**Student:** 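Let me give you the structure first, and then I'll get to my questions.
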Number of protein chains: 2
Amino acid sequence: MRRGLEFKKKARIIIVDDNYDHLSGIKELIEIESDFDVVATATSASVAISLIKKYRPEIVLMDINMPEKDGLTAIAEIEKLDLGVRTIALTGYDDPDLIFRAMKIGAKGYILKTMASAQLIYAIDEVASGKIYLPATLSSRFFEYFQKSFKEETQTVNDEENLLNYLTQREEEVLDLLTQGITYKGVAQKLFISETTVKTHVNNIFQKLQVNDRTQAVLYALNNGFLNRRKVKIAI
Amino acid sequence: MRRGLEFKKKARIIIVDDNYDHLSGIKELIEIESDFDVVATATSASVAISLIKKYRPEIVLMDINMPEKDGLTAIAEIEKLDLGVRTIALTGYDDPDLIFRAMKIGAKGYILKTMASAQLIYAIDEVASGKIYLPATLSSRFFEYFQKSFKEETQTVNDEENLLNYLTQREEEVLDLLTQGITYKGVAQKLFISETTVKTHVNNIFQKLQVNDRTQAVLYALNNGFLNRRKVKIAI
DNA sequence: TGAAATATTAACCACATGGTCTAGATTCAA
DNA sequence: TTGAATCTAGACCATGTGGTTAATATTTCA
């Protein structure tokens, strides 16, 4: 009914919800209000997984209310299968942490059960057409959480308190090699200097970073933004 | 004109754009189409910063077209001032990486210059009222990029290839302490075992992780999801 | 120019670390 | 109950590591 492009193949959907009433409610809603094809339903994550392997739907509506873990890990597992299945998280909570984790593990949408049914249909439509859909209100929540996490992160790495800023360029080079687990001898060879020189640098680094050994130095470097420029990575 | 709550104080705005034509264009637009108060404009980031310190606006519209760096770092600096100024990034590019970085450093909105003027006004309105605003299309882009980053991250941590999975529980405990830069003696004391036993464990760990020393072991652990559960952190 | 910071090397020493082998105690699943 | 895995521990040895002091060359900046 509400689909924009009639010539497109009907998206096949699997719905997962541990509450059977909700499940059939959503199923009915979709069947009446849209022309998506609900090929299967499940009340548990494990059953859902095998159904997904069998039916290869385009879309999975996953309730993640169920006592915390199940819903999210189920999504993670589905993503891991790499079948091109696009999952939409469905829950009653707009907890930013939940939203964040859902998007992190690969959910292509996140809808609250309290939202208007039209929005659910719209979300499915968007996700089915390859987009990622997050309602403006949830999107806003997500970003607040996202930015807060970053702020807390970068707070610790604050210029004058960051002892890394007191290292000389050469010391940085040496530390850089230390963070790759290279020995004195190795560093000496790479930098074309004697092993003793390396030792001197390393000792100076230890003093400046106020640590006692290379492991602690490496840890300090890693925890305080060293090499943040090179390796663009997200690790939560 | 378009403000919803007339009793609210007019949001004060500073506009920053190195192109003077754009600058006055946007200024005019805002003055005509909305009742926000453009208290100042600037054509460079450094000038903008001092103006912001002086006028303490609620909103800053920051063009980040200017040769890459300037716009984004300016936003970062503004955030660092912690004056409660809310910055909206304004640019011609919908490059996901740009969007991602802008949101990362604390932009409260991101608008394309090609978007309808009404959308700019709406964005300012939303941001002025404390929300974070990202148009659906850009939001979608952001999430694709966001998820891609994560996928690349987690791909390397893949079960059987992750040598960490072959460690025994005791070995994990020992490695855990190693990742805190603790010596044999320290580990022995913490685990109430002899120093020799620790050495044995450590040697087994080295063999299983195929490394030669503690630094490399720690690096392997950190790069392969060890202790990912404890420390919830974002490091880009 | 002259002081300060930085980069380089040496020598000496104590100790931590890593490699290897052996071996008893315990636990756990076949 | 027997074998496998794990945890424990000791001995031996070579080498890497960290602490200290001192000295020279180079660079940088006031």
Side-chain angles (χ1 to χ4, degrees), chain A residues 159-227 229, chain B residues 159-227 229:
Chain A
D159 285 6
E160 291 160 50
E161 288 162 31
N162 189 343
L163 302 176
L164 288 174
N165 293 331
Y166 299 114
L167 296 183
T168 68
Q169 196 183 338
R170 199 56 160 175
E171 285 162 357
E172 280 188 5
E173 292 180 60
V174 174
L175 180 55
D176 180 29
L177 295 174
L178 287 193
T179 61
Q180 295 170 42
I182 304 181
T183 63
Y184 285 148
K185 201 174 292 184
V187 175
Q189 285 172 2
K190 293 227 173 197
L191 298 184
F192 303 106
I193 54 180
S194 90
E195 212 173 320
T196 346
T197 308
V198 178
K199 286 175 65 173
T200 308
H201 285 311
V202 171
N203 274 311
N204 290 335
I205 292 171
F206 289 169
Q207 295 218 337
K208 290 189 181 179
L209 301 188
Q210 296 166 22
V211 299
N212 303 310
D213 55 57
R214 44 208 307 123
T215 308
Q216 289 177 8
V218 169
L219 288 173
Y220 187 93
L222 263 45
N223 286 328
N224 291 84
F226 200 66
L227 59 76
R229 276 120 230 142
Chain B
D159 286 7
E160 291 161 52
E161 287 162 30
N162 190 343
L163 301 176
L164 288 174
N165 293 332
Y166 298 113
L167 297 183
T168 68
Q169 195 181 342
R170 199 56 160 174
E171 285 162 356
E172 280 188 5
E173 291 180 60
V174 173
L175 180 55
D176 181 28
L177 295 174
L178 287 192
T179 61
Q180 296 172 41
I182 303 180
T183 63
Y184 283 149
K185 200 174 294 184
V187 175
Q189 283 173 3
K190 293 226 174 201
L191 299 183
F192 303 105
I193 53 179
S194 90
E195 212 173 318
T196 349
T197 308
V198 178
K199 287 176 63 174
T200 309
H201 285 312
V202 171
N203 274 309
N204 290 334
I205 292 172
F206 289 168
Q207 296 219 337
K208 290 189 180 178
L209 300 188
Q210 296 166 21
V211 298
N212 303 312
D213 55 56
R214 44 207 307 125
T215 307
Q216 289 177 8
V218 169
L219 288 172
Y220 187 94
L222 263 44
N223 286 328
N224 291 83
F226 200 67
L227 60 75
R229 277 122 229 137

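Note that the structure is predicted; figures quoted are calculated from it, not measured. Protein chains get the first letters and strands the later ones, always in sequence-line order, with residue 1 at the start of each.
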**Student:** For DNA chain D, whose closest nucleotide is more 5', that of B:Glu171 or that of B:Lys199?
**Tutor:**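 The 5'-side residue here is B:Glu171.
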**Student:** Can you name the nearest heavy-atom pair linking B:Leu163 to B:Tyr220, along with the distance?
**Tutor:**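 That would be N-OH, 2.9 Å.
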**Student:** Do A:Asp176 side-chain atoms and A:Glu172 backbone N/O form a donor-acceptor pair below 3.5 Å?
**Tutor:**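 A pair under 3.5 Å: no.
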**Student:** Whole-Å distance between D:dC7 C1' and B:Glu173 CD?
**Tutor:**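 Atom-to-atom, B:Glu173 to D:dC7, this comes out as 11 Å.
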**Student:** I'd like to check the salt bridge (charged side-chain N to carboxylate O under 4.0 Å, His left out) partners of B:Glu173; sequence neighbours left out, ordered by chain and number.
**Tutor:**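 Expected list: B:Arg170.
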**Student:** Nucleotide range of DNA chain C contacted by chain A, 5' to 3', under 4.0 Å to a heavy atom?
**Tutor:**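 The footprint of chain A covers C:dT6 to C:dC12.
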**Student:** Nearest-Å distance, CD (B:Glu195) to P (D:dA9)?
**Tutor:**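 Rounding to the nearest Å, CD of B:Glu195 and P of D:dA9 are 12 Å apart.
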**Student:** To check you understand the geometry: which heavy-atom pair defines the closest contact between A:Val218 and A:Thr179, and what is its length?
**Tutor:**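 So the minimum-distance heavy-atom pair works out to CG2-CA, 3.8 Å.
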**Student:** Kindly say if B:Thr168 contacts the phosphate of D:dC7, meaning a side-chain N or O under 4.0 Å from OP1 or OP2.
**Tutor:**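 Answer is yes, contact under 4.0 Å.
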**Student:** Looking only at side-chain N and O atoms, does A:Tyr184 come under 4.0 Å of OP1 or OP2 in D:dT15?
**Tutor:**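 No, no such contact exists.
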**Student:** Does B:Thr183 reach a base, just sugar-phosphate, or nothing at all? Heavy atoms under 4.0 Å.
**Tutor:**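 B:Thr183: backbone/sugar contact only, no base atoms under 4.0 Å.
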**Student:** Report yes if the side chains of A:Asn204 and A:Val174 come closer than 4.5 Å at any heavy-atom pair, otherwise no.
**Tutor:**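 No, side chains not in contact.
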**Student:** Scan nucleotides 21-29 of chain D nucleotide by nucleotide, 5' to 3', and note B when protein non-hydrogen atoms come under 4.0 Å of the base, S if they reach only the sugar-phosphate, - if neither.
**Tutor:** ---------
**Student:** Between the two end axes of the helix from C:dT1-D:dA30 to C:dA30-D:dT1, each built from 5 base pairs, what angle do you get to the nearest 10°?
**Tutor:**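 The angle, to the nearest 10 degrees, is 60°.
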**Student:** Do you know which of B:Ile193, B:Thr168, B:Val187 makes side chain to side chain contact (heavy atoms under 4.5 Å, CB included) with B:His201?
**Tutor:**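 Answer to the side chain to side chain contact (heavy atoms under 4.5 Å, CB included) test with B:His201 among B:Ile193, B:Thr168, B:Val187: B:Ile193.
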**Student:** Contact class for B:Thr196 (heavy atom, under 4.0 Å): base, sugar-phosphate, or nothing?
**Tutor:**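 Counting heavy atoms under 4.0 Å across all strands, the contact made by B:Thr196 includes a base.
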**Student:** Please give me every residue in residues 201-217 of chain A whose heavy atoms get under 4.0 Å of an atom in DNA chain D, ordered by residue number.
**Tutor:**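 Here the set is A:Asn203, A:Phe206, A:Asn212, A:Asp213, A:Arg214.
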**Student:** Does some side-chain heavy atom of A:Leu222 sit less than 4.5 Å from a side-chain heavy atom of B:Leu219?
**Tutor:**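 The answer is yes, as the side chains (C-beta and beyond) meet within the 4.5 Å cut-off.
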**Student:** Rounded off to whole Å, could you give me the CG-to-C1' distance for the B:Leu191 and D:dT6 pair?
**Tutor:**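 B:Leu191 atom CG is separated from D:dT6 atom C1' by 15 Å.
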**Student:** When rounded to the nearest 0.5 angstrom, what distance separates OG1 in A:Thr200 from CD in A:Glu195?
**Tutor:**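 Going from OG1 on A:Thr200 over to CD on A:Glu195, the span is 11.0 Å.
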**Student:** To check you understand the geometry: which heavy-atom pair defines the closest contact between B:Tyr184 and B:Val202, and what is its length?
**Tutor:**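 B:Tyr184 and B:Val202 have their closest heavy atoms at CE2-CG2, 3.7 Å.
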**Student:** Would you sort out whether A:Leu177 and A:Val198 count as a side-chain contact (heavy atoms from CB on, under 4.5 Å), showing the intermediate values?
**Tutor:** CA-CA 11 Å; A:Leu177 295 174; A:Val198 178; over 6 Å; no
**Student:** Could you list the residues that satisfy salt bridge (charged side-chain N to carboxylate O under 4.0 Å, His left out) with B:Lys208, not counting sequence neighbours?
**Tutor:**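 If we apply the salt bridge (charged side-chain N to carboxylate O under 4.0 Å, His left out) test to B:Lys208, skipping adjacent residues, the hits are B:Glu171.
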**Student:** What distance do B:Leu178 atom CG and B:Asp213 atom CG have between them, rounded to the nearest 0.5 Å?
**Tutor:**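 One finds 11.0 Å between CG of B:Leu178 and CG of B:Asp213.
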**Student:** With the side chain counted from C-beta on, respond yes when A:Leu164 and A:Leu175 share a heavy-atom pair under 4.5 Å apart, and no when they do not.
**Tutor:**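 Yes, close enough: below the 4.5 Å cut-off.
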**Student:** Test side-chain contact (heavy atoms from CB on, under 4.5 Å) on A:Leu209 and A:Asn224 and set out the steps.
**Tutor:** CA-CA 11 Å; A:Leu209 301 188; A:Asn224 291 84; over 6 Å; no
**Student:** Tell whether A:Lys185 reaches the base of D:dG16 with its side chain through a donor-acceptor pair below 3.5 angstrom.
**Tutor:**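 Per atom types, no contact qualifies.
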**Student:** Output yes when at least one side-chain N/O atom of B:Ser194 is less than 4.0 Å from OP1 or OP2 of D:dG10, else no.
**Tutor:**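 Affirmative; the distance criterion is met.
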